[in-house]
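Here is the naming used below: chain letters follow the sequence lines, and residue numbers restart at 1 for every chain.
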There are 2 protein chains.
Amino acid sequence: MGAGGSLREVSRRAVQSRIARTAEALFVAKGFEETTVDEIAAAVGMSQRSFFRYFASKDEVVLDSVERLGEELSARLEARPCGESVWDSLRRAFDPVVERLADPAVRERDRVLHEIVSASPRLLAAYLGRLDLLQRSLSELLVERAGRSGDEPDAVVVRAIVGGAFACLQAASLHCGTDPEVFGPCLDRTMEALRPVAA
Amino acid sequence: MGAGGSLREVSRRAVQSRIARTAEALFVAKGFEETTVDEIAAAVGMSQRSFFRYFASKDEVVLDSVERLGEELSARLEARPCGESVWDSLRRAFDPVVERLADPAVRERDRVLHEIVSASPRLLAAYLGRLDLLQRSLSELLVERAGRSGDEPDAVVVRAIVGGAFACLQAASLHCGTDPEVFGPCLDRTMEALRPVAA
DNA sequence: CAATGATTGACAGTCACTGACACTTTCCGG
DNA sequence: CCGGAAAGTGTCAGTGACTGTCAATCATTG
């Protein structure tokens with residue numbers, strides 16, 4: 001089935017990565033809105049048209065890594081045991097977000113990305129849109145899981161709980177830095193404060 | 001100080017309202033992305049340039065009402081007593097959102113707006129961006145309030161709690177309709193489930 | 001009536017993004 | 001080694017959101 005010719009996919013990813021790094025440097029230097037796609041394409045050494053063959057939009061260059069983190073997060077959540085509470089499963093699914101920060105290189109890149117995103121209202125909105133999409137799919141997953149284990153799940157409450165967990169994640173990443181020694185406890189503190197009474 | 005020449009402001013609002021109603025009709029009929037600003041301007045009977053004198057962007061036409069609701073919500077929260085818990089203050093601040101739905105005309109408009117927003121990923125993202133902005137300002141307000149009443153407020157936790165409350169609101173407005181008899185209890189149910197242990 | 005300031009339309013320009021087409025490079029069986 | 005399909009690329013033209021500018025109009029006020 002058409003998903004993933006491995007050899008070519010690798011080189012595609014390599015080109016995407018090259019574009020992303022180049023673009024991020026420009027975004028940091030001049031700002032996101034102030035950098036045109038033409039400039040990025042020229043800096044990479046390709047036509048504007050080709051840029052859009054690797055990224056569907058200018059936003060995508062920055063949000064692509066969020067997408068990938070979302071997939072991992074989704075996979076982690078799916079791997080959690082059915083008996084575990086929704087809240088704890090979510091907290092564990094967030095582990096990679098914290099663990100990533102152990103690598104200084106990753107930490108630096110996250111910092112840069114965060115700076116770019118939070119400096120542009122439009123990008124920030126697009127970012128939140130992605131998170132919302134992710135929350136929807138995680139909610140569905142959890143509702144289905146609850147149904148499997150015999151519970152009668154309340155879809156609205158599950159959705160609210162997932163939203164609450166992401167609110168904790170968002171608050172932590174906003175107020176605490178990218179230092180894992182600070183971020184982790186910070187996330188735990190917020191998630192303890194908001195822990196649902198039952199679920 | 002420069003805020004609000006009353007006479008002219010009124011007529012400006014009237015024009016904005018006329019544009020908004022016209023545009024919303026077109027959005028429902030053809031979809032948001034498929035409706036061009038030229039079409040809206042022509043339908044209202046003005047130049048495209050003038051359209052942009054009343055709304056900074058096409059998004060703004062739809063999100064303007066969200067903005068106004070946000071201001072009311074902010075004012076309500078500020079009016080709550082300092083002694084009240086953060087969570088209860090937020091729940092009470094949400095009251096106008098529920099009460100608005102008592103008026104069938106308002107309910108219908110909310111339904112239309114909701115339909116338009118949720119049908120366009122870009123608009124939805126912009127909407128979430130506004131909510132995020134609102135959450136920031138409410139968080140600041142609550143942190144300051146907690147400081148006034150002698151508590152030592154934890155800004156991160158407050159931010160997470162505000163985010164959690166909005167997650168409840170969002171979940172309710174997503175899963176329950178615009179019927180106030182359904183929406184209200186739905187909101188209460190989610191907010192009871194997520195009520196923070198202390199705060 | 002004349003001066004003034006706000007509102008507007010017309011026009012031109014930028015930038016994100018898309019579709020079409022021609023060209024080249026790569027790959028593969030014969 | 002060759003011929004042709006497949007994939008990648010550049011060029012060009014076009015759409016649509018948005019902005020700056022300027023001249024004309026309109027209402028207000030002295």
Side-chain angles (χ1 to χ4, degrees), chain A residues 1-20 22-24 26-27 30-64 116-117 120-127 129, chain B residues 2-20 22-24 26-27 30-64 116 120-127 129:
Chain A
M1 308 179 210
S6 54
L7 267 89
R8 263 222 173 57
E9 282 303 312
V10 169
S11 85
R12 179 177 170 80
R13 274 288 156 96
V15 176
Q16 283 180 327
S17 183
R18 234 181 67 228
I19 298 174
T22 308
E24 281 156 23
L26 289 171
F27 292 157
K30 311 185 31 176
F32 180 78
E33 321 275 4
E34 290 70 29
T35 306
T36 70
V37 174
D38 280 332
E39 286 169 343
I40 300 170
V44 179
M46 56 170 51
S47 69
Q48 194 218 49
R49 195 66 185 83
S50 280
F51 170 92
F52 283 111
R53 284 182 179 115
Y54 287 97
F55 289 102
S57 70
K58 199 170 95 171
D59 297 1
E60 208 72 17
V61 177
V62 182
L63 268 33
D64 191 44
I116 296 170
V117 170
S120 160
R122 200 181 115 232
L123 247 192
L124 181 60
Y127 168 73
Chain B
S6 54
L7 266 88
R8 261 213 175 65
E9 283 302 313
V10 168
S11 85
R12 179 177 170 81
R13 275 286 154 96
V15 176
Q16 284 179 327
S17 183
R18 233 180 67 226
I19 297 174
T22 309
E24 281 156 23
L26 289 171
F27 292 157
K30 312 184 34 177
F32 180 78
E33 320 276 3
E34 289 70 28
T35 306
T36 70
V37 173
D38 282 333
E39 286 169 344
I40 300 170
V44 179
M46 56 171 51
S47 69
Q48 193 217 48
R49 194 65 186 84
S50 281
F51 170 92
F52 283 110
R53 283 182 179 116
Y54 286 99
F55 290 101
S57 70
K58 200 169 94 172
D59 297 1
E60 207 73 16
V61 178
V62 181
L63 268 33
D64 191 45
I116 296 169
S120 158
R122 201 182 114 231
L123 247 192
L124 181 60
Y127 168 72

> Among C/dA16, D/dT19, C/dG9, which nucleotide sits nearest the side chain of A/F52?
Replying inline: C/dA16

>> In whole Å, I'd like the distance from the CZ atom of B/F51 to the P atom of D/dC18.
In response: 8 Å

>> Students often get this wrong, so: under 4.0 angstrom with heavy atoms, is A/Y54 touching a base, only sugar-phosphate, or nothing?
In response: sugar-phosphate

>> Return the OG1 to CD distance between B/T22 and B/E39, rounded to the nearest 0.5 Å.
In response: 13.0 Å

> Just how far, in rounded Å, is P of D/dG16 from CD of B/E39?
Replying inline: 8 Å

> What is the distance from CD1 of A/I19 to C1' of D/dT9, rounded to the nearest Å?
Replying inline: 12 Å

> Given D/dT9, D/dC18, C/dT8, which nucleotide is nearest the side-chain atoms of B/R53?
Replying inline: C/dT8

> Between A/Q48 (CD) and C/dT18 (P), how many Å, whole number?
Replying inline: 10 Å

>> What is the distance, to the nearest angstrom, from the CD atom on B/E60 to the P atom on D/dA17?
In response: 15 Å

> With side chains defined as the heavy atoms from C-beta onward, is the minimum distance between A/L123 and A/L63 less than 4.5 Å?
Replying inline: yes

> Please give, in whole Å, the distance from C/dA16 C1' to A/I40 CD1?
Replying inline: 11 Å

> Are any of the side-chain heavy atoms of B/Y54 and B/V61 separated by less than 4.5 Å?
Replying inline: no

> OP1 or OP2 of D/dG10 less than 4.0 angstrom from a side-chain nitrogen or oxygen of A/S50, does that happen here?
Replying inline: yes

>> What is the distance, to the nearest angstrom, from the CG atom on B/L26 to the P atom on D/dG16?
In response: 14 Å

> Whole-Å distance between D/dG16 C1' and A/K58 NZ?
Replying inline: 16 Å

> Is there a donor-acceptor contact under 3.5 Å from the side chain of A/S17 to the main chain of A/R13?
Replying inline: no

>> So if I take every side-chain heavy atom of B/R49 and compare against C/dA10, D/dC18, C/dC17, which nucleotide ends up nearest?
In response: C/dA10

> Of the nucleotides C/dC17, D/dT11, C/dG9, which one has an atom closest to the side chain of B/M46?
Replying inline: C/dG9

> Rounded to the nearest 0.5 Å, how far does OG of A/S47 lie from CZ of A/R49?
Replying inline: 8.0 Å

